[in-house]
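Atoms within a ligand are numbered from 1 in the order they appear, just like the ligands themselves.
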Amino acid sequence: MIEKLMDKVYWIGVTDWGIRHFHGHEYSTHRGTTYNSYLVMDEKIAVVDTVWDPFQEGFLKNVRSMVDPKKIDYIVANHAEPDHSGSLGALVEAAPQAKVIVSRRGLESIPGHYHENWDFQAVKTGDTIPLGETTLAFVEAPMLHWPDSMFTYVSGRSLLLPNDAFGQHYATAFRFNDEVDREELYEEALKYYANILTPFSPLVTKKIEEVLAMGLAVDMIGPSHGVIWRKDPLQIVHKYMEWAKQVPEKRAVILADTMWQATMRMASAIGEGLAEKGVPFRIFNMALSDRNDVLTEVFRSGAVVVGSPCLNGGLLPTLTPVLEDLKGLKFRNKVGAAFGSYGWSGENVRRIERELEGAGIPLAVPGVLVKWRPDEKGLDACRDLGRKVAEALR
Ligand code: FEO
């Protein structure tokens with residue numbers, strides 16, 4: 001389905017209702033996604049970004065329903081990740097006369113994926129390509145979220161096409177932010193930021209300040225996933241500025257796993273201590289929870305409390321992925337604590353503490369390690385840990 005966005009500008013992307021795991025199995029997509037591609041039909045014709053190759057047939061059909069591909073002058077590839085460049089080869093084959101516009105880093109990443117000698121033209125921030133009434137202007141955005149990432153601005157239409165930035169994995173029957181459920185939209189936008197962009201937060205702030213300083217009018221923001229920001233488009237830019245500061249809410253998240261409920265009883269007691277101090281919390285059993293949803297909750301929370309029983313001198317392996325993410329996503333402004341039960345060796349709590357410290361999350365309080373099942377004294381120690389974590393929350 002094609003959607004006219006403004007005079008001479010169209011959405012020609014595809015909706016992927018069925019996808020439930022993205023980046024292989026790294027990111028859960030409960031609400032599907034879209035791969036957004038844009039067509040500018042001025043005196044010159046440009047396509048900005050393509051779609052993931054399993055959808056290339058529908059995408060090419062969209063292109064052909066609008067224009068003979070042989071008339072396309074420019075194909076802009078803002079970013080090499082295959083969800084946007086996967087149909088580039090098919091489009092170049094149909095439009096062999098078109099120049100392929102990439103960022104300077106894209107000159108490495110696009111051929112690095114496709115090993116083709118297409119007619120590339122590398123652009124840098126400030127470069128422009130006039131199309132007629134409209135002009136494409138480029139802003140390199142390295143590490144938002146790959147080194148090659150680039151924004152394309154359609155001047156004459158005040159349309160910003162920032163590729164992955166401001167996106168959401170969110171398939172809907174509609175195209176624009178004012179047509180969908182706001183709560184769902186922000187849930188997906190926050191999950192996207194928390195799981196993908198958090199480690200690049202300082203660069204997000206810098207890039208947004210740079211773009212705002214350019215004084216560009218922005219009437220619409222068309223990211224490469226999800227809905228297009230048409231109503232009050234800068235709302236998501238301001239949200240990104242806020243999220244990039246990583247100022248968490250006064251709430252806590254308890255991540256744990258358990259074999260015979262000893263560690264989970266400790267988790268509940270920690271929760272009681274938090275609640276006593278008025279701090280809302282959520283407990284996630286990491287064997288049963290969606291990692292990306294948990295990480296979104298971690299993003300919001302000022303405290304991360306992690307628990308595991310001791311297994312083979314270490315942790316239950318269900319905790320390992322989220323600990324890896326805590327490190328990789330570089331969450332800031334949080335405090336942490338550890339807890340767990342053990343039978344004989346008891347290295348688990350110290351191990352978790354090292355992981356938290358290694359992730360840049362300082363310990364609010366020494367961890368609680370309980371032998372076998374916690375008795376009332378052990379549970380009291382957990383309640384006290386909860387209270388102290390609550391007090392440490394800024
Ligand atoms: Fe970085 Fe949507 O790909």
Side-chain angles (χ1 to χ4, degrees), residues 11-38 47-56 58-59 75-91 100-114 138-152 160-172 175 185 188-201 203-204 207-208 221-229 236 240 243-244 292 295-296 325 328-330:
W11 177 86
I12 54 166
V14 296
T15 302
D16 185 348
W17 290 98
I19 192 166
R20 289 295 175 267
H21 297 102
F22 192 83
H23 285 156
H25 283 72
E26 189 273 325
Y27 187 112
S28 60
T29 43
H30 310 311
R31 293 190 173 100
T33 194
T34 71
Y35 312 108
N36 296 341
S37 170
Y38 300 91
V47 171
V48 180
D49 290 321
T50 71
V51 307
W52 191 28
D53 44 305
F55 293 85
Q56 92 184 10
F59 169 65
I75 302 168
V76 179
N78 277 320
H79 170 42
E81 206 165 1
D83 49 329
H84 310 298
S85 69
S87 299
L88 200 48
L91 186 59
V100 180
I101 310 299
V102 295
S103 68
R104 290 177 292 181
R105 299 296 292 271
L107 208 46
E108 178 197 329
S109 60
I110 298 274
H113 278 74
Y114 301 104
F138 304 98
V139 180
E140 290 164 294
M143 301 321 295
L144 264 67
H145 67 125
W146 274 21
D148 61 358
S149 297
M150 178 167 80
F151 297 174
T152 298
L160 181 65
L161 304 175
N163 195 261
D164 280 319
F166 314 123
Q168 336 90 43
H169 288 303
Y170 187 31
T172 76
R175 225 40 324 119
L185 168 60
E188 293 302 338
L190 176 61
K191 178 174 174 177
Y192 192 94
Y193 189 95
N195 281 271
I196 299 174
L197 288 157
T198 301
F200 310 117
S201 289
L203 297 172
V204 169
K207 185 52 60 182
I208 290 176
I221 298 177
S224 55
H225 297 290
V227 296
I228 295 162
W229 301 91
I236 189 62
Y240 264 46
W243 290 339
N292 305 106
L295 289 164
T296 311
D325 276 318
L329 290 173
K330 299 185 170 68

S.K.: For the pair Ser103 (side chain) and Asp148 (backbone), establish whether a donor and an acceptor sit closer than 3.5 Å, ignoring hydrogens and angles.
M.R.: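 Yes, Ser103 side chain to Asp148 backbone: donor-acceptor pair under 3.5 Å.
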
S.K.: Pick out which of Tyr192, Tyr35, Trp17 makes a ring pair (Phe, Tyr, Trp, His ring centres under 6.0 Å) with His169.
M.R.: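 Only match with His169 under ring pair (Phe, Tyr, Trp, His ring centres under 6.0 Å): Tyr192.
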
S.K.: Do the side chains of Phe59 and Trp52 get nearer than 4.5 Å, heavy atoms only?
M.R.: no

S.K.: Please calculate the OD2(Asp164)-atom 1 (Fe) of ligand 1-NE2(His145) angle and round it to 10 degrees.
M.R.: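 Result: 90°, to 10°.
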
S.K.: Taking both backbone and side chain into account, is any N, O or S atom of His84 nearer than 2.8 Å to atom 1 (Fe) of ligand 1?
M.R.: no

S.K.: Pairing donors with acceptors under 3.5 angstrom, does anything connect the side chains of His225 and Glu188?
M.R.: no

S.K.: Within the stated cut-off of 2.8 Å, is an N/O/S atom of His225 closer than that to atom 2 (Fe) of ligand 1?
M.R.: yes

S.K.: Hey, which N, O or S atom on Glu81 ends up closest to atom 1 (Fe) of ligand 1?
M.R.: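 Going through the N, O and S atoms of Glu81 one by one, OE1 ends up nearest to atom 1 (Fe) of ligand 1.
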
S.K.: Can an N, O or S atom be found in Asp83 less than 2.8 Å away from atom 1 (Fe) of ligand 1?
M.R.: no

S.K.: Check whether any side-chain heavy atom of Tyr240 lies under 4.5 Å from a side-chain heavy atom of Leu197, and answer yes or no.
M.R.: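 The answer is yes; the side chains approach within 4.5 Å.
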
